[in-house]
Number of protein chains: 2
Amino acid sequence: MKQRVTIADVAKKAGVSATTVSRILNGNYSQTSAETTARVLEAIRELDYRPNALAKGLKQMKTQVIGVILSNLQNPFWLRVLKGIEDTCRKAGYQLMICNSCDDPAIEAEHIKNLQTRNVDGIIVNPTPGNRDLFEQLLATGYPCVFVNRHLPNLAMPGVVMNNIRGASLAVEHLLEGGRQRIAIIAYQGEITTWTERVEGYKTTLLAHGKREQDLLIELVPNRPGAARSAAIRLLKRNPRPDALLSTTNLMTLEILDAIQSLGLRIPEDVALVGYDETMWCKYLNPPLTTVRQPAYEMGEIAAKRIIQLCKGTRRTKLDVTVLEPELVVRESSRPASATPDVGATIAAGTGTSG
Amino acid sequence: MKQRVTIADVAKKAGVSATTVSRILNGNYSQTSAETTARVLEAIRELDYRPNALAKGLKQMKTQVIGVILSNLQNPFWLRVLKGIEDTCRKAGYQLMICNSCDDPAIEAEHIKNLQTRNVDGIIVNPTPGNRDLFEQLLATGYPCVFVNRHLPNLAMPGVVMNNIRGASLAVEHLLEGGRQRIAIIAYQGEITTWTERVEGYKTTLLAHGKREQDLLIELVPNRPGAARSAAIRLLKRNPRPDALLSTTNLMTLEILDAIQSLGLRIPEDVALVGYDETMWCKYLNPPLTTVRQPAYEMGEIAAKRIIQLCKGTRRTKLDVTVLEPELVVRESSRPASATPDVGATIAAGTGTSG
DNA sequence: TGCAAGCGGTTTATCGTTTTCCTATGCCAC
DNA sequence: GTGGCATAGGAAAACGATAAACCGCTTGCA
């Protein structure tokens with residue numbers, strides 16, 4: 001199938017060479033007279049000519065496309081991140097190629113190779129630990145790449161992450177203040193920094209408040225539908241029963257809610273619940289849910305700015321990691337069992353950048 | 001920036017011409033001996049060669065990329081559609097280029113042109129009415145395009161849509177059976193088929209059940225945050241007050257919930273609420289929400305299959321529209337004010353295809 | 001006086017593939 | 001021998017755009 005209109009057609013129509021047309025297209029007016037420029041622009045308009053991005057990309061080895069690899073698009077958290085990325089990229093004239101790795105290193109690797117094959121200018125990725133070698137290679141070859149939300153320990157890839165330790169810490173401190181004694185946490189198993197750090201935040205905060213190792217109630221579950229629900233039920237059947245649950249994920253929270261409901265327990269009277277990651281529906285749950293709010297949009301924005309900077313920079317730009325701070329949104333689900341509601345209050349934590 | 005390994009490098013290493021390498025890459029073994037083939041494959045492996053998709057696309061005018069233009073990625077409904085599209089395309093070896101039109105015809109037009117410029121093999125789009133001419137042109141030139149969820153009246157574009165009339169009808173009939181007398185609907189203004197059809201379904205069903213024109217309570221609001229909330233408050237302050245509200249959108253439902261809560265009304269005692277489009281959180285709302293469930297994943301799947309078929313088909317394939325049937329998920333929010341809960345029941349409606 | 005830069009462009013090379021012709025070579029039947 | 005015809009593979013021309021070199025002439029500047 002032949003392309004409708006090529007630069008040659010425009011050139012012929014305007015009575016000039018293709019080069020002249022190309023120069024005008026690229027805003028290089030200095031070498032053409034005003035009349036010629038006008039004639040060419042008129043021809044472009046009349047033929048509704050638009051340059052073939054493939055040919056342009058082949059020649060320049062730049063495509064104005066950024067690859068984005070996310071672990072789970074089903075999670076609304078990523079939508080907000082994506083929106084931040086998208087808005088920023090669109091403003092800068094970049095198109096997105098979005099891929100879903102499903103947290104599977106094999107799929108992720110495939111996507112990375114595919115994106116490179118397509119000569120995307122850079123890649124934003126929520127990395128799985130399984131492809132460390134691949135990322136090391138990207139870093140070594142200077143291929144523009146930025147991590148988002150997660151990082152890989154001891155890998156100097158630029159990125160944007162959340163302060164997960166702080167997030168869990170905020171939640172635990174809030175529950176302690178509310179008089180909760182037996183706080184449990186459910187998290188996914190694996191070397192994913194977002195998960196391990198939240199558990200770490202839980203642990204250090206409790207220990208700092210005088211709890212002992214054996215008081216900790218940590219339930220690690222595989223990242224698979226239903227696993228968190230079972231774990232919650234297991235926890236809630238313990239004797240004595242935990243009086244507070246800390247979820248570490250958006251979707252996990254819904255499973256825990258399900259578990260609590262199925263056991264006929266009341267929130268917050270029997271057990272308090274704090275979710276991780278604020279969504280549009282948290283406010284309307286039964287009861288309204290206390291959550292750790294994360295600046296997702298902002299994270300996407302920063303990641304996009306970072307990758308664009310890397311794409312444009314001729315020399316290797318500085319490599320650093322930005323850490324964004326979460327805040328706690330307090331609602332009824334974590335209200336002290338014997339207290340008046342304290343709905344809508346927010347404990348902020350500020351935002352900052354560190355190396 | 002020079003590409004690391006090209007076909008020429010492989011050819012040199014294997015002691016053959018680029019032609020031979022290309023032939024082998026494309027599975028055309030009939031013209032090369034077994035030894036040569038083995039030698040070339042070995043060279044490819046050793047050099048970790050992967051063909052440049054840009055050059056290949058330029059030559060063939062095929063990119064194995066499908067463009068997807070959606071009106072609002074923030075809506076989880078589209079995520080499920082997207083997942084259907086993605087799974088299907090990945091299986092078939094296609095990559096996605098996802099764009100957000102934000103229901104703005106100008107942005108949509110820009111995306112369409114951009115996608116064509118990048119020589120995507122086909123486009124799946126949730127169309128805005130503002131670009132009818134553009135779509136007519138696509139249709140005329142035979143550029144593969146498939147509509148999803150919406151359609152444009154009198155435009156013979158292949159597509160997949162939901163039976164929206166039926167969806168609203170199911171909801172209204174359910175409310176009528178529950179004894180509700182003053183059923184109101186809130187919908188967005190505009191020539192968007194999903195919205196107009198739902199209103200139509202509401203209208204025809206009520207009229208068919210003996211209501212008169214003046215009994216209809218239709219509130220049309222602009223598609224803008226907060227508008228639905230105001231409309232709901234306006235409706236609920238009427239005297240007599242509506243005893244049932246039918247939402248027509250995912251996000252609108254949350255706004256309506258907000259309105260009801262702010263007025264201190266109880267669901268379903270004071271007013272019943274039925275949402276449109278089932279999400280993962282509907283079950284956990286306060287109270288659990290009755291909704292119209294739509295086969296979103298399936299819709300994406302079918303749209304993807306359709307576009308792939310069009311991309312591959314040398315001749316113009318048959319152009320038809322698939323209509324998917326919704327079902328009602330009954331939960332507490334629509335329970336008759338004076339009745340026992342009837343939670344979890346589902347009224348199915350079957351699925352079919354029509355021209 | 002001599003060299004370089006600018007005028008408004010064109011020619012030509014190039015990006016990495018695929019594709020369309022070709023060309024050897026060997027084998028067979030006559 | 002020689003013509004015919006597979007077989008295995010190569011050379012070169014696309015594909016559409018951009019970058020570099022260059023055209024013959026004029027002008028600026030040391």
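Naming: A, B, ... by sequence-line order, numbering from 1 per chain.
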Would you list the pairs meeting ring-ring contact (aromatic ring centres under 6.0 Å, His included) in which at least one residue belongs to residues 114-141 of chain B, sequence neighbours left out?
Phe135(B)-Phe147(B)
I'd like to know if Asp121(B) and Lys312(B) make a salt bridge, using a cut-off of under 4.0 Å between side-chain N and carboxylate O.
no
Is the base of dT18(C) touched by the side chain of Lys56(B) through a donor-acceptor pair closer than 3.5 angstrom?
no
Show me the side-chain donor-acceptor pairs of residues 65-74 of chain B shorter than 3.5 Å, one per line, residues at least two apart or across chains.
residue: Ser71(B); atom: OG; partner: Asn126(B); partner atom: OD1; Å: 2.8
residue: Asn72(B); atom: OD1; partner: Gln74(B); partner atom: N; Å: 2.9

Grab the N/O contacts between the protein and nucleotides 9-11 of chain D below 3.5 Å, and write none if there aren't any.
residue: dG9(D); atom: OP1; partner: Ser33(B); partner atom: OG; Å: 3.4
residue: dG9(D); atom: OP1; partner: Thr36(B); partner atom: OG1; Å: 2.4
residue: dG9(D); atom: OP2; partner: Ser33(B); partner atom: N; Å: 2.6
residue: dG9(D); atom: N7; partner: Arg23(B); partner atom: NH2; Å: 3.1
residue: dG10(D); atom: OP1; partner: Ser17(B); partner atom: N; Å: 3.4
residue: dG10(D); atom: OP2; partner: Ser17(B); partner atom: N; Å: 2.9
residue: dG10(D); atom: OP2; partner: Ser17(B); partner atom: OG; Å: 3.0
residue: dG10(D); atom: OP2; partner: Thr20(B); partner atom: OG1; Å: 2.5
residue: dG10(D); atom: N7; partner: Arg23(B); partner atom: NH2; Å: 3.3
residue: dG10(D); atom: O6; partner: Arg23(B); partner atom: NH1; Å: 3.4
residue: dG10(D); atom: O6; partner: Arg23(B); partner atom: NH2; Å: 3.3
residue: dA11(D); atom: N6; partner: Thr19(B); partner atom: OG1; Å: 2.8

At 10 degrees resolution, what angle do the end axes of the helix from dT1(C)-dA30(D) to dC30(C)-dG1(D) form when each is taken over five base pairs?
60°
For Asp87(B), what residues pass the salt bridge (charged side-chain N to carboxylate O under 4.0 Å, His left out) criterion, not counting sequence neighbours?
Lys83(B)
By the ring-ring contact (aromatic ring centres under 6.0 Å, His included) test, which pairs, at least two apart or in different chains, include something from residues 92-120 of chain A?
none
If you compare every side-chain N and O of Tyr49(A) against the phosphate oxygens of dA17(D) (OP1, OP2), does one of them come in below 4.0 Å?
yes
dT18(C) phosphate, OP1 or OP2: any side-chain N/O from Ser22(B) under 4.0 angstrom?
yes
Could you give the CG-to-P distance, from Leu54(B) to dC15(D), as a whole number of Å?
17 Å
Between P on dT10(C) and NZ on Lys12(A), what's the gap in Å once rounded to a whole number?
15 Å
State which residues pass side-chain contact (heavy atoms from CB on, under 4.5 Å) with Ser22(B); sequence neighbours excluded, sorted by chain then number.
Ile7(B), Asn26(B)
Could you tell me whether the phosphate oxygens of dA19(D), OP1 or OP2, come under 4.0 Å of any side-chain nitrogen or oxygen in Gln60(A)?
yes
What residues form a salt bridge (charged side-chain N to carboxylate O under 4.0 Å, His left out) with Arg150(A), not counting sequence neighbours?
Asp103(A)
Go through dT18(C), dT18(D), dG16(D) for me and flag the one nearest to the Asn26(A) side chain.
dT18(D)
Mind checking what makes side-chain contact (heavy atoms from CB on, under 4.5 Å) contact with Glu46(A), not counting sequence neighbours?
Lys13(A), Glu42(A)
